[in-house]
There are 2 protein chains.
Amino acid sequence: MALAEAILVCLTDRPMSGYDLAKTFDASIGFFWRASHQQVYRELARLRDKDLVESREIEQSGRPNRIIHTITKAGEDVVHAWSLKPCRMPSVKDELLVKLYALDNVDIPVLHEQLDIRLDQHRAKLTAYLRIKEKFYDGKKLTRAQKGKLIALTMGISNEREMVGALGKAITMLGEINE
Amino acid sequence: MALAEAILVCLTDRPMSGYDLAKTFDASIGFFWRASHQQVYRELARLRDKDLVESREIEQSGRPNRIIHTITKAGEDVVHAWSLKPCRMPSVKDELLVKLYALDNVDIPVLHEQLDIRLDQHRAKLTAYLRIKEKFYDGKKLTRAQKGKLIALTMGISNEREMVGALGKAITMLGEINE
DNA sequence: AACCTATATGCACATAATTGCATAATAAAA
DNA sequence: TTTTATTATGCAATTATGTGCATATAGGTT
């Protein structure tokens, strides 16, 4: 249910359209909570029904009107209440690890490729995170809100770096099996 | 959809009851793909409908009869076909990181506690994984299937170790904000 | 005596997520 | 000239996941 809260959190920063939010979920906050644009629009409708956001339409010509969503007082209260509730452990669901676990029932050269692909994906993420850190955080005077985002980003970086290392090791171990 | 495949993979090892599978999902394969016993029973019914497993009942007295599920040839084919399909990136959804991201809208002492709790959870996981590695893999002669499980476990260990380190660092960074 | 754990199965309801579809205009690139 | 990307919204159907409930017995603990 924390998609609602993630959206509300974004709106505490500034009022946004569904489109803006969807983009935000493809970048910044999406590093920690992934959601598609369809999910965002659906959740926005629910938030509006519960009066946690207020929506007003901005006329545009040539394309659909923008609908700008603003968090309400009730919405802010929901965010605060959520911040007090314990966090769940993110549920582990990784097909790649299941395939390693099931090594005897799996095509090993294909698995090798899949590990390489995953390694590239984590390398790409790491590069993206490092670029953001350098561009927006390094050597800058930061507000408290920015410091929070930096802590989250730092965890992301550490995570991706570890995955790159661990996948490299896994690929080596897998290679040694066939010798 | 890989719950179906995860179950089938377990059944390639040996025929099992739903209860056995549920226990397996609380331990070994559950480290990489989490599922509750309700999910397992429901998925087993679906696998039976598709003739990917064969189920036979074993009479017992005093408690419900055991239903032993055996993977069929069609089931093995499904596992093999699955092994050739590309793996998805596990979808990131971590409330704790969202709370850090939203630092300005969050109760900081409570967040501090939540980070401590998460740190303990990862420490506990790390300890459990290390114990399993020591007990079942270290200094033993391993089959290929076991080597696969060891690679997956090694990645799990590396992951947990990194999380413990990163959370420690995050807690320090959070502490420095309030100074 | 009351409670907890293990064994063993599963339904029903609710919430969440994915996938495909649908619309509609502009501007730039191939 | 056709295709693709960008802006902008959203529904419908399906699949997946989570939560609570329900049953039933044996054996050990407080």
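Values below: all heavy atoms of this structure, side chains included; hydrogens, waters and symmetry mates excluded. First the proteins, then the strands, lettered A, B, ... as listed; each starts at 1.
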K.L.:
Quick one: does B:S17's side chain have a donor or acceptor within less than 3.5 Å of a partner on B:R66's backbone?
P.N.:
no
K.L.:
May I ask you to evaluate whether B:S91 reaches the phosphate of C:dA17, defined as a side-chain N or O under 4.0 Å from OP1 or OP2?
P.N.:
no
K.L.:
Five pairs per end, C1' atoms only: what is the angle between the end axes of the helix from C:dA1-D:dT30 to C:dA30-D:dT1, to 10 degrees?
P.N.:
30°
K.L.:
Side chains of A:F25 and A:H37: closer than 4.5 Å at any heavy-atom pair?
P.N.:
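Heavy-atom side-chain distance check fails, nothing below 4.5 Å.
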K.L.:
Taking atom C1' of D:dT23 as reference, at what distance in whole Å does atom CD1 of B:I67 sit?
P.N.:
14 Å
K.L.:
Could you tell me how far apart B:E43 (CD) and C:dT9 (P) are, to the nearest whole angstrom?
P.N.:
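It is 16 Å, rounded to the nearest whole Å.
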K.L.:
Any side-chain heavy atom of A:K99 within less than 4.5 Å of one from B:W82?
P.N.:
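A side-chain contact under 4.5 Å exists here.
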K.L.:
Between atom CG in A:L21 and atom C1' in D:dG10, what is the gap in whole Å?
P.N.:
15 Å
K.L.:
When you check the phosphate oxygens OP1 and OP2 of D:dT9, does a side-chain N or O of A:Y19 lie under 4.0 Å from one of them?
P.N.:
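Looking at the OP1 and OP2 atoms of D:dT9, neither is under 4.0 Å from any side-chain N or O of A:Y19.
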K.L.:
B:I7 has an atom CD1; how far is it from atom C1' of D:dT17, in whole Å?
P.N.:
13 Å
K.L.:
Using the closest heavy atom to pick a nucleotide of DNA chain C for each, name whichever of B:A45 or B:R66 lands nearer the 5' end.
P.N.:
B:R66
K.L.:
Is the shortest side-chain N/O distance from A:K93 to OP1 or OP2 of D:dT17 below 4.0 Å?
P.N.:
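Looking at the OP1 and OP2 atoms of D:dT17, one of them is under 4.0 Å from a side-chain N or O of A:K93.
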K.L.:
Report the nucleotide, chosen from C:dG10, C:dT7, C:dA16, that has the shortest atom-to-atom distance to any side-chain atom of A:R46.
P.N.:
C:dA16
K.L.:
In this structure, how many angstroms lie between the C1' atom of C:dA8 and the NZ atom of B:K23, rounded?
P.N.:
11 Å
K.L.:
Please give, in whole Å, the distance from C:dA8 P to B:R56 CZ?
P.N.:
14 Å
K.L.:
Could you check how far CG of B:L47 sits from P of D:dA16, rounded to whole Å?
P.N.:
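That distance rounds to 11 Å.
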K.L.:
For D:dT17 and B:S36 - does any side-chain N or O of the residue sit under 4.0 Å from the phosphate oxygens OP1/OP2?
P.N.:
no
K.L.:
Can you tell me if B:D107 and A:S83 form a side-chain donor-acceptor pair at under 3.5 Å?
P.N.:
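Side chains of B:D107 and A:S83: no pair found under 3.5 Å.
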K.L.:
In whole angstrom, what separates B:Q39's CD from C:dA14's P?
P.N.:
19 Å
K.L.:
In a table with atom names and distances, give each donor-acceptor pair under 3.5 Å that connects a side chain of residues 146-165 of chain A to protein atoms at least two apart or in another chain.
P.N.:
from: A:Q146; atom 1: OE1; to: A:T143; atom 2: N; distance (Å): 3.0
from: A:Q146; atom 1: OE1; to: A:T143; atom 2: OG1; distance (Å): 3.3
from: A:K149; atom 1: NZ; to: B:Y101; atom 2: O; distance (Å): 3.2
from: A:T154; atom 1: OG1; to: A:L150; atom 2: O; distance (Å): 2.6
from: A:S158; atom 1: OG; to: B:E162; atom 2: OE2; distance (Å): 2.3
from: A:E160; atom 1: OE1; to: A:H122; atom 2: ND1; distance (Å): 2.5
from: A:E162; atom 1: OE2; to: B:S158; atom 2: OG; distance (Å): 2.3
from: A:E162; atom 1: OE2; to: B:N159; atom 2: N; distance (Å): 3.3

K.L.:
May I ask you to verify whether the side chain of B:Q38 and the base of D:dG18 hold a donor-acceptor pair under 3.5 Å?
P.N.:
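Answer no: no donor N or O sits under 3.5 Å from an acceptor.
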K.L.:
Could you tell me whether the side chain of A:D104 reaches within less than 4.5 Å of the side chain of B:R144, counting heavy atoms only?
P.N.:
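Yes, their side chains come closer than 4.5 Å.
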K.L.:
Measuring only between side-chain heavy atoms, which start at C-beta, is A:K93 closer than 4.5 Å to A:V98?
P.N.:
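Side chain of A:K93 against side chain of A:V98, heavy atoms only: no contact under 4.5 Å found.
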K.L.:
Could you list the residues that satisfy salt bridge (charged side-chain N to carboxylate O under 4.0 Å, His left out) with B:K133, not counting sequence neighbours?
P.N.:
B:D138
K.L.:
Nearest to the side chain of A:H37, heavy atoms from C-beta on, is which of C:dT9, D:dT9, C:dT19?
P.N.:
D:dT9
K.L.:
Is a donor-acceptor contact shorter than 3.5 angstrom present between the side chain of A:R42 and the base of D:dT9?
P.N.:
no
K.L.:
Does the side chain of B:R88 get closer than 4.0 angstrom to OP1 or OP2 of C:dT19 through an N or O atom?
P.N.:
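Indeed, a polar side-chain atom of B:R88 lies that close.
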